[in-house]
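Order of appearance sets the numbers: ligands from 1, and atoms from 1 within every ligand. Atom set for the values below is all heavy atoms of this structure, side chains included, hydrogens, waters and symmetry mates excluded.
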Amino acid sequence: MLFKVEMTVKIPHDMPEEIAADIKAREKAYAQKLQAQGQWLHLWRVAGSYANVSIFDVQSNEELQEIISQLPLFPYMEISVAPLCRHPSSIHEDDR
Ligand SMILES: O=C(O)C[C@H]1C=CC(=O)O1
């Protein structure tokens, strides 16, 4: 199942830098693990913002909830999720 996920990061300004750096480092490691495993299919920075647009490939809504809620930055992000399906005009035969 494919989902578009948009994440806008809102780390509190008063969070100590060393704590923020640790959270961001753990987030990066987790994001790269999920990419290597195939669940986090695409990760794009929204230019000019501290936000991303991502595509997740998971087996269920529950798996997506489990993945996203375990993101170290989860408490500090505004997140939107939209389900995706094949577009009838797509020229890409391998779209799902
Ligand atoms: O920077 C972000 O977009 C938030 C989050 C997503 C991956 C990561 O390393 O941090």
Can you list everything that forms a side chain to side chain donor-acceptor pair (under 3.5 Å) with Ser90? Sequence neighbours excluded, please. Asp95

Is any N or O atom of Tyr50, backbone or side chain, closer than 3.5 Å to an N or O atom of ligand 1? no

Would Asn52 count as being in polar contact with ligand 1, using the rule that some N or O on each side must be under 3.5 angstrom apart? yes

Report, as yes or no, whether the 6.0 Å neighbourhood of atom CD on Gln70 holds more than 12 heavy atoms from other residues, nucleotides or ligands. yes

Write out the residue and atom name of the closest protein heavy atom to atom 10 (O) of ligand 1, then the distance separating them to 0.1 Å. Glu27 CG, 3.2 Å

Tell me which protein heavy atom sits closest to atom 4 (C) of ligand 1, plus the residue, atom name and distance to 0.1 Å. Val9 CG2, 3.6 Å

Heavy-atom check, side chain of Leu71 versus side chain of Met77, under 4.5 Å: yes

Evaluate the side-chain proximity of Glu6 to Asn52: yes if any heavy-atom separation is below 4.5 Å, no if none is. no

Please determine whether any non-hydrogen atom of Arg45 lies less than 4.0 Å from an atom of ligand 1. yes

Is a donor from one side chain sitting under 3.5 angstrom from an acceptor on the other, for Trp40 and Ser54? yes

Classify the contact between Leu71 and ligand 1 as side chain, backbone, both or neither, using a heavy-atom distance cut-off of under 4.0 Å. neither

Considering non-hydrogen atoms only, spot the tightest contact between Val53 and Lys4 and give its length. CG1-CG, 4.1 Å

Which atoms of ligand 1 sit under 4.0 Å from any heavy atom of Lys28? 9 (O)

